[in-house]
Number of protein chains: 2
Amino acid sequence: MSLNLNLRKQQVLEAVVEDHIITAEPVSSRTIARKYQLGVSPATIRNEMADLEEMGLIEQPHTSSGRIPSQQGYRYYVDRLMRKSGLTTDEEGQIHTVFAREARELALVVQRTIKLVTQLTDYLVFFSGPQLEHAALQQVWLIPVAPERALMVIVSETGWVENKFVDFDFPVTAEDMEQVAGVLNDHFRGLTFSQITRTVLRSVYQELTEQRLLLDYVLETMESLARRECADGLYLGGTRNVLKQPEYQDVQQVRKLLDLVEGEQTLREILHETTGEGITVRIGRENRQGQVQDCGVITAVYLLGGNIVGAMGLLGPVRMNYARASSIVDYIAQSLSDYLSGSHSYF
Amino acid sequence: MSLNLNLRKQQVLEAVVEDHIITAEPVSSRTIARKYQLGVSPATIRNEMADLEEMGLIEQPHTSSGRIPSQQGYRYYVDRLMRKSGLTTDEEGQIHTVFAREARELALVVQRTIKLVTQLTDYLVFFSGPQLEHAALQQVWLIPVAPERALMVIVSETGWVENKFVDFDFPVTAEDMEQVAGVLNDHFRGLTFSQITRTVLRSVYQELTEQRLLLDYVLETMESLARRECADGLYLGGTRNVLKQPEYQDVQQVRKLLDLVEGEQTLREILHETTGEGITVRIGRENRQGQVQDCGVITAVYLLGGNIVGAMGLLGPVRMNYARASSIVDYIAQSLSDYLSGSHSYF
DNA sequence: TTTAGCACTCTAAACCGTAGAGTGCTAAAC
DNA sequence: GTTTAGCACTCTACGGTTTAGAGTGCTAAA
C-alpha cells in the first residue's frame, strides 16, 4: 500500500522520526512546533498527528503521551522522506586511508574497516567472507610433509592465502605431488574457484591418469578451502557501542544482543540473504530472523570481478539513524569492492 | 597473616562462603543452623559470626542483614577450606573427547575446548596462544610468487601452520629461495623458535654468504611469525553465560565486562602474567588490573616440551565457585599440555 | 558455654499524592 | 473550511510514607 500524504503530513512524520531518532523519547506536538518551523501551532500538528496515527505511521506508547514512529512509519521515512546524509570529506578520507594502506592480507583490511566503522557509528558492524569461491586462482602448491600427508597452499590473485593439510590413505611421492600441482596450475590459473569445479576438470583427469586417486583428494580439499571462509569467516565489532543506545538499558535486551553476537549464525544468515545490488534496509519485523525483529539492519554486498564475494551489515535498534548508517554502508561496500577489484593488485 | 580458627569457626565460614556462592544472598545464622548441621542454635552461630566479622573474614552489607564473605574470607576458604570438587567421569569424558578427536589444527582444538568449558561453567573462558616461540620447527618453505615477493610457510612439529608474505626490495630467484630454505631446514629443524633466534644464526650466515641480505629479510619474517600468535591470538567465549550471574543484572557491570571482552588487552595481560606451575587463583583486589578487581580469576599455563606456550583463564564474579572452576582449569590445562606434548603428534 | 526471648534495625515492596507533560475536544477566530 | 486558543482529562514519574519481614545484638536464664 503506497500512502500519499500531503506536504504537511510528510513534514510532521519526518519531524517525528528524526526527533525520535535523536532523543529516543516520544515526540510532542509542541516540540515539533518549536524545533521544526512548520508555521502552524501545536494544535494543528496534533490534528495531523491524529491522522498519521490512524494511518498506522505513528503511535502512542500510552494515551496522552507524544508519538513515536511505527515500523511502517520508519519504512515510509526510509523510502520517501529520508535525505541521505552523505559523509564529511574528513570521514571519506578516513575510509580511503584504510583501503589505501599497503595491506597484503585481506583479513587485516576487514578488521581495520570494522574498527573504523565502530568509530563512525554506534551500531554493530559485521562482515562475512570474503570467500575464495569467486576469486581467481593465482597458484597452488602441494608440499609433502609426511608419506601420506601434504600441505596445500592456495593463493588467490587478490592476495588471499589459505592452507590446509591433505591426508591420503596411501603413500604419495614428492614427484607425484609436484606433477599434480604443476598440472593444476597450468589448467586453473586465472580461473575462479566456481569455474574450476565445473568445467575444466575433465582435461585434468586425462592428463593425469596415473594420479587420479591422488587428484580426487586434492580437488576435494581445494573445494573445501574455497568454501571455508564462507563457513566460518564472520568478523564483527562494536558490541560495546550498541550498549550506549538507550534501548539497551535493559539487561534482557543486552542478553539478546549478546546471543546474536556470540551465536553468529543469525548474523551469517542475514548476510547470506543479502544478494541484491545497492544497500538493503530491513526494519524490525521486516527481518525474517525472530532475534532481530526489534532491530534495524542495513546490509550491502561487496563485489570482486562482478561477483558477490561477501557482505557487510550494520545493526542497531529500530530507532536507528538510517540516513547516516546507509550512507556509511554504501560508501564502505563500494570502497571495498573497488579495493578488491584489483586496482590494488599486488602481483 | 595466617589466622587460626577453631573448628566451628571454620565450619561457619565455610557455610557462609558456600551458601553465598549458591544463593548470591547474604547468609543468615538461621540458614546455617538449618542447612548445615553444626549441632548448635542460630544464636551460637551469631556469636561466631560476630567474631569472624571482627577478623575481617565476613561482612555485613548493612546492620541487621546476614553476612557475606569478604575477599579475605574467600582467600581463607580457597587456601584452607575448599575441597576441590573433582569432575564427574562424564565431564572428564567430554574433555577427553575434545582432545581425542582427530584435529590437525590447534586453533580448532582451542575453539572446541572453549565451547566445552562454556557448557561446563557459567564463567568467561579465555585462552592465549599457543605461540610458536617454544614449539619445535618441522619445516620451512619459501615459495616464490613474484620477482620481489615470496610466501613463507612454517609448520611446527605440533602441526601448527603459519604463513606470511615476505617482501624484498630486490629481485630474488627461485633458486636462491630454495637454497635458503634448504639451509634453514638443515640447521633449524627440531629447534624451537626461541633457540633459533639466539644460537645457530652464525653458522647459517657463513653458509650463505651470497644471500645474506635475502636471509635477513627471511629471518625477520620468521621471527615475527613466531610471535604473531602471541600478539593477537586470544580466544574467548562464554560472555553470554556470565550474564546469568546476578552480579551482572546492572547494565553498568555488563558494560565493564564487555569492555574487557572487546578490549582484549587486559585479558592478554592476565594470561601473560601467569607463569607458575599449577593453577593461580586471584580474588578481587588481588588482581593487578583495575578492571577486574571485582572479579575472581583462575588461570593456568599449558606446556609444550616443558615450556610454557600459552595460558587459559576463567573469569567470574568474586563470588565464583572456586572449587569447581579450579578443578576445571586444572584438568583442561593438563589435558591440553598432554595433547600438545606429542602423544598425538601426527608426523 | 549455649540458648531462648525480645527489642531494634534495615530493606524492599506497596501505596499514596502530586507535578508536569501532553493530548483530545470544543468553540471561537480567521 | 481551516486554524488556533483554552480547558478538562489522562498518564507517568517521582518522592514520601507505611508496613511486613528478615535478621541481628543483647540480656538473662539454662
Side-chain angles (χ1 to χ4, degrees), chain A residues 5-13 15-20 22-70 73 246-247 249-251, chain B residues 5-13 15-20 22-70 73 246-247 249-251:
Chain A
L5 303 183
N6 65 37
L7 179 62
R8 197 165 63 197
K9 281 199 175 54
Q10 291 189 0
Q11 290 174 322
V12 172
L13 177 56
V16 171
V17 172
E18 294 190 349
D19 207 76
H20 183 64
I22 296 170
T23 63
E25 296 290 326
V27 184
S28 77
S29 54
R30 190 158 165 271
T31 307
I32 293 180
R34 213 180 23 196
K35 287 183 27 185
Y36 304 78
Q37 268 83 20
L38 306 191
V40 291
S41 77
T44 308
I45 292 173
R46 280 206 284 284
N47 287 330
E48 300 289 21
M49 283 170 129
D51 293 347
L52 287 170
E53 180 163 12
E54 202 167 348
M55 294 182 224
L57 293 172
I58 59 180
E59 49 199 27
Q60 271 183 310
H62 56 86
T63 40
S64 91
S65 82
R67 305 304 209 289
I68 60 175
S70 70
E247 277 79 357
Q249 284 315 95
D250 178 21
V251 183
Chain B
L5 304 182
N6 65 38
L7 179 62
R8 196 166 63 199
K9 282 197 174 56
Q10 291 188 2
Q11 289 174 323
V12 172
L13 177 57
V16 170
V17 172
E18 295 190 349
D19 207 76
H20 183 64
I22 296 169
T23 64
E25 296 291 326
V27 184
S28 76
S29 54
R30 190 159 164 269
T31 307
I32 293 181
R34 213 179 24 196
K35 287 183 29 185
Y36 304 78
Q37 269 81 21
L38 306 192
V40 291
S41 77
T44 308
I45 293 173
R46 280 206 284 283
N47 288 329
E48 299 288 22
M49 283 170 129
D51 293 346
L52 286 170
E53 180 164 11
E54 201 167 350
M55 295 183 225
L57 294 170
I58 60 180
E59 48 197 28
Q60 271 183 312
H62 56 87
T63 39
S64 90
S65 83
R67 304 305 209 288
I68 60 174
S70 70
E247 277 80 359
Q249 283 316 94
D250 176 22
V251 183

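Numbers restart at 1 for each chain; the letters A, B, ... are given by sequence-line order, proteins then strands.
Residue R46(A) places no side-chain N or O under 4.0 Å from the OP1 or OP2 atom of dT26(C). At least one side-chain nitrogen or oxygen of T44(A) sits closer than 4.0 Å to the OP1 or OP2 atom of dT4(D). Note on R67(A): a side-chain N or O is less than 4.0 Å away from OP1 or OP2 of dG24(C).
For dG23(D), the base has no donor-acceptor partner in the side chain of R30(B) [N/O atoms by modelled type, under 3.5 angstrom].
Atom CD1 in I45(B) sits about 12 Å away from atom C1' in dT2(C), given to the nearest Å. For N47(A) and dT26(C), the CG to P distance is 12 Å, given to the nearest whole Å. Whole-Å rounding puts the E25(A) CD to dA21(C) P distance at 13 Å. Distance CD1 (I68(A)) to P (dA21(C)): 20 Å, rounded to an integer number of Å. Whole-Å rounding puts the E59(B) CD to dT24(D) C1' distance at 16 Å. Here dT3(C) presents its C1' atom at 17 Å from CD1 of I32(B), a figure rounded to the nearest Å. Atom P of nucleotide dG25(D) and atom CD of E48(B) are separated by 13 Å, given to the nearest angstrom. One atom, CD of E53(A), and another, C1' of dC25(C), lie 15 Å apart when rounded to the nearest Å.
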Protein-nucleic acid N or O pairs under 3.5 Å, nucleotides 8-13 of chain C:
from: dT9(C); atom 1: O3'; to: T63(B); atom 2: OG1; distance (Å): 3.4
from: dT9(C); atom 1: O2; to: S64(B); atom 2: OG; distance (Å): 2.8
from: dC10(C); atom 1: OP1; to: T63(B); atom 2: OG1; distance (Å): 3.1
from: dC10(C); atom 1: O5'; to: T63(B); atom 2: OG1; distance (Å): 3.4
from: dC10(C); atom 1: O4'; to: S64(B); atom 2: OG; distance (Å): 3.3
from: dC10(C); atom 1: O3'; to: H62(B); atom 2: ND1; distance (Å): 3.4

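Which of dG24(C), dT4(D), dA4(C) sits closest to the side chain of A43(B) comes down to dA4(C).
Between S65(A) and V40(B), it is V40(B) whose nearest contact on DNA chain C lies nearer the 5' terminus.
Applying salt bridge (Lys or Arg N to Asp or Glu O under 4.0 Å) to D19(A) and the options R30(A), R34(A), K35(A) leaves one that passes, K35(A). When the options E53(A), E25(A), E59(A) are evaluated for a salt bridge (Lys or Arg N to Asp or Glu O under 4.0 Å) with R67(A), the one that passes is E53(A).
One N or O on the side chain of S70(A) and one on the backbone of G56(A) form a donor-acceptor pair closer than 3.5 Å. Side chain of E48(B) to backbone of K9(B): no donor-acceptor contact under 3.5 angstrom is found.
Contact annotation: the side chain of L52(A) approaches that of L5(A) to within less than 4.5 Å [non-hydrogen atoms, C-beta and beyond]. Two residues are said to be in side-chain contact when any heavy atoms from C-beta on lie closer than 4.5 Å; N47(B) and D51(B) fail this criterion.
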Under the rule of Watson-Crick or G-U wobble with both distances under 3.5 Å, where | means paired to another strand and [ ] a crossing pair, DNA chain D maps to ||||||||||||||||||||||||||||||
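The minimum heavy-atom distance between S65(B) and Q60(B), with the atom names listed, is O-NE2, 3.0 Å. The shortest non-hydrogen separation linking V12(A) to M49(A) is CG1-CG, 4.0 Å. The shortest heavy-atom contact between V16(A) and I68(A) is CG1-C, 4.2 Å.
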